Amino acid sequence: MFLEARARVEAILREATGEEDVLLADGGDHADLASTVAFGLARKRRQAPARIAQDLATDLAGRLEPDGIAVAATGPYLNFTFGPAYLAASVRAALAPGYGALPPGTGRVVLEHTSANPNGPLHVGHIRNSVIGDTLARAFRKAGYPTEVQYYVNDMGRQIAIVVWGMDHLGLEPGEGEKPDHYTARVYVAANRRLEAEPEITAEVDALMRQVEALDPATVKKFREAVASCLDGFRSTLADLAAPHDRFVHESDFLRIGDMERLLARFERRPEAHRDEVFWIDLSAHGIENRYVLRRSDGTSVYAARDLAYHVWKGRNADRVIDVLGADHKLIGASLQAALRMLGEVAPEIVFFEFVSLPEGSMSTRAGKFVSSDDLIAETRRRALEEVTARRPELSREEREAIARSVARAAIRYDIVRVSPEKATVFDWTTALDFERQSGPYVQYAHARACSILAKAGAWSEAFEYGSPHEVALAKQIARFPALVQQVVGELRPHLLATYARELADLFNTFYHFEPVLRAAGTTRDSRLTLVRAAQNTLGEALETLGIDALASM
RNA sequence: GGGCCUGUGGCUUAGCCCGGAUAGAGCGCCGGGCUUCUAACCCGGAUACCGGGGGUUCGAAUCCCCCCAGGCCCGCCA
């Protein structure tokens, strides 16, 4: 209902003032919506802002009354407050399964996230990408966009060649029960040490890269097997995080099927193209001074060329192309966008996130210096199981373990997504393992409490009468969920969802504390049960969008 | 050297794009609350010259300029 009410206020305010931008904002403590148009009109009308606000309030009151919206001037501010009819309609809407969904969008979305090189396990930096990407994908689906999530697999780069060389020459065997991506890292780290000690090995790695570019069958097979095994490890980690991909697209495909060559041919006809010792594009018209190299002097292709071919393909299959990339890719991303625009192709919208470092410095797969996501997940599950066991000793081990898995995932995903992407973070075990306030488990807990009340309620019928401040505040937060979903996909800011869910849980917990539900009687009991049901549904939908299980009991 | 990002109570952070009404929150600290719907909870208290300095504006954490500090990028790597 919030979206409808806001649109209504905006339209009427526009009509009354003749202003295009009526400066409508959240009313905070004062109201549901507030406008500061009076300040701007003061100059034009040569009247005091407070006087204008007062006149507008009088003028608008009658027109908004049928919608149950009250308007008042407080000094120069115009405050709009939604009444009982709005609350009732909002709570009713929030009872429906799938609440928060927007009318189906016409556009298809292709969203790429994670896409880490398969040279070692995903670490706590990589999964910032996964969690941001997956949350956005869930938000897009909620907002009605058919969405395909892709992982772009680098299966022919130097790092993979180093892994393949290591597999061939170092004789390292996978350990008992060792996860394949961790085995890959062991080989990769050892191979890099050998390369540092014996630089002449570089020539052998270069040879591997040339052979794979030339599509030599035996070499291609080796690369593919090394990559596939590491990816199996990734899939398992991503499944633990509930951040799955619909499709894994291999970089080498664009070489093999000829897309990349066809694309390079298109660039060759451009006036911005230059051929000296290398083939490069001049992007200075787009403010990028570095030469954008697409082919090496030995004729082999670079990553950028394959990536361009990939993005052309994505753009032709979607209306919005979204990439989630680390901030170190900003220049590369801007170059990619500029080159695609030059050809009239769809350029991706890119969500950049800043780095996650360790207290002792930045992470490095090559140096073996990182906290793997698998370790984080295992440790968080262990702590969650301790917590569940302490609270719910009567449950079976299987039940406790299932809850612990969900709680651990909630803690990890929430801890990552709650911080805005442009903020660099330092990985901290203490906050990662925190299950209180401003955490995923805290939101889960509010949901479980709601479920518990509903389970004990017996028969009741829907009612929608709300008067106490706690009821009203909760209902109003519930009402905003669809607007929030719209904002997340519009601005590509998934952390808003985390903030929203936490505030909803806060308001539910306060309501829970002050307003008895089962011990109330008559319409009050019915109305409160209806509100609990709406809160439970909205919390559940918000959690689902965050990729967190909405547990009925924990 | 150039470009981008960040700087908000002791710590973590929202708000900044789209300027307005006392800058929200969590952790930690102090003090309360479980014979009552799950205390992974709730209530109260102390703690902020919003990195510094100029400017624009009736009004600046928010916009502009300069400076300081930290991070990232500037490859025929990916």
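Just so we're on the same page: letters track the sequence lines, and every chain starts at 1. Bear in mind that the values here come from a model prediction, so they are computed numbers and not experimental data.
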>> For residues 421-444 of chain A, which residue pairs pass the salt bridge (Lys or Arg N to Asp or Glu O under 4.0 Å) check, not counting sequence neighbours?
In response: A:Arg437-A:Asp506
> Sequence neighbours excluded, which residues qualify as side chain to side chain donor-acceptor pair (under 3.5 Å) partners of A:Asp328?
Replying inline: none
> Which residues within residues 279-295 of chain A lie with some heavy atom under 4.0 Å of an atom in RNA chain B?
Replying inline: A:Asn290, A:Val293
>> Would the base of B:rC76 count as contacting A:Ser297 through its side chain, where contact means a donor and an acceptor less than 3.5 Å apart?
In response: yes
Strictly under 3.5 Å: I want the nitrogen or oxygen pairs between protein and nucleotides 59-61 of chain B, one per line.
none

> When only distance counts, do a donor and an acceptor, one from the side chain of A:Asp328 and one from the base of B:rA78, lie under 3.5 Å apart?
Replying inline: no
>> So A:Val532, base contact, sugar-phosphate only, or nothing? Heavy-atom distance under 4.0 Å.
In response: nothing
>> Going by the rule side chain to side chain donor-acceptor pair (under 3.5 Å), which residues pair with A:Arg525 if we only count those two or more places apart in sequence or in a different chain?
In response: none
> Below 4.0 angstrom from OP1 or OP2 of B:rC27, is there any side-chain N or O of A:Tyr442?
Replying inline: no
>> What's the gap between B:rC18 and B:rU22 when it is taken at their C1' atoms, as a whole Å value?
In response: 23 Å
> B:rC65 and B:rU13: how far apart are their P atoms, nearest whole angstrom?
Replying inline: 26 Å
> Within the structure, does a side-chain N or O atom of A:Tyr303 lie under 4.0 Å from either OP1 or OP2 of B:rG75?
Replying inline: no
> Has A:Lys423 got a side-chain N or O lying under 4.0 Å from the OP1 or OP2 atom of B:rG71?
Replying inline: no
> What pairs of residues pass the salt bridge (Lys or Arg N to Asp or Glu O under 4.0 Å) test when at least one of them lies in residues 31-47 of chain A, not counting sequence neighbours?
Replying inline: A:Glu19-A:Lys44, A:Asp32-A:Lys476
>> Please classify the nucleic acid contact of A:Ile332 as base, sugar-phosphate, or nothing, using heavy-atom distances under 4.0 Å.
In response: base
>> When both hydrogen-bonding distances must be under 3.5 Å and the geometry is Watson-Crick or G-U wobble, what is B:rG7 paired with, if anything?
In response: B:rC68
>> If the cut-off is 4.0 Å, is A:Arg43 near the phosphate of B:rC58, judged by side-chain N/O to OP1 or OP2?
In response: yes
>> Parallel, tilted or perpendicular, judged at 30° and 60°: which one describes the rings of A:Phe370 and A:His123?
In response: tilted
> Taking only residues two or more places apart in sequence, or in another chain, which ones meet A:Ala448 in a side-chain contact (heavy atoms from CB on, under 4.5 Å)?
Replying inline: A:Met554
> Taking only residues two or more places apart in sequence or in another chain, which ones pass side chain to side chain donor-acceptor pair (under 3.5 Å) with A:Glu401?
Replying inline: A:Arg397
>> Between A:Glu251 and A:Tyr303, is there a side-chain donor-acceptor contact under 3.5 Å, judged purely by atom types and distance?
In response: no
>> Strictly by Watson-Crick or wobble contacts shorter than 3.5 Å, is anything paired with B:rG44, and which nucleotide is it?
In response: B:rC30
> Is there a side-chain polar atom (N or O) of A:Arg449 under 4.0 Å from OP1 or OP2 of B:rA39?
Replying inline: yes
Contact list (N/O, under 3.5 angstrom) for nucleotides 44-47 of chain B vs protein:
none

> Between A:Phe435 and A:Tyr442, is the ring centre distance below 6.0 Å?
Replying inline: no
>> If you count heavy atoms of other groups shown closer than 6.0 angstrom to CZ of A:Arg291, is the number above 12?
In response: yes
> Contacts to RNA chain B from residues 426-436 of chain A, heavy-atom cutoff under 4.0 Å, which residues?
Replying inline: A:Phe435, A:Glu436
> Does B:rA61 pair with anything, Watson-Crick or G-U wobble, both distances under 3.5 Å, and if so, with which nucleotide?
Replying inline: none
> Would you say a side-chain N or O of A:Thr510 is under 4.0 Å from OP1 or OP2 of B:rC43?
Replying inline: yes
> So what does A:Gly75 hit on the nucleic acid, given a heavy-atom distance under 4.0 Å: a base, only sugar-phosphate, or nothing?
Replying inline: nothing
> Mind checking what makes side chain to side chain donor-acceptor pair (under 3.5 Å) contact with A:Ser115, not counting sequence neighbours?
Replying inline: A:Glu112
Considering only distance and modelled atom types, tabulate donor-acceptor pairs under 3.5 Å from the side chains of residues 379-386 of chain A, sequence neighbours left out.
from     : atom 1 : to       : atom 2 : distance (Å)
A:Glu379 : OE1    : A:Arg382 : NE     : 3.2
A:Glu379 : OE2    : A:Arg382 : NH2    : 2.9
A:Thr380 : OG1    : A:Leu376 : O      : 2.5
A:Arg381 : NH2    : A:Asp240 : OD1    : 3.3
A:Arg382 : NH1    : A:Glu386 : OE2    : 2.9

>> On the nucleotide B:rC5, are OP1 or OP2 found under 4.0 Å from the side-chain N or O atoms that A:His329 carries?
In response: no
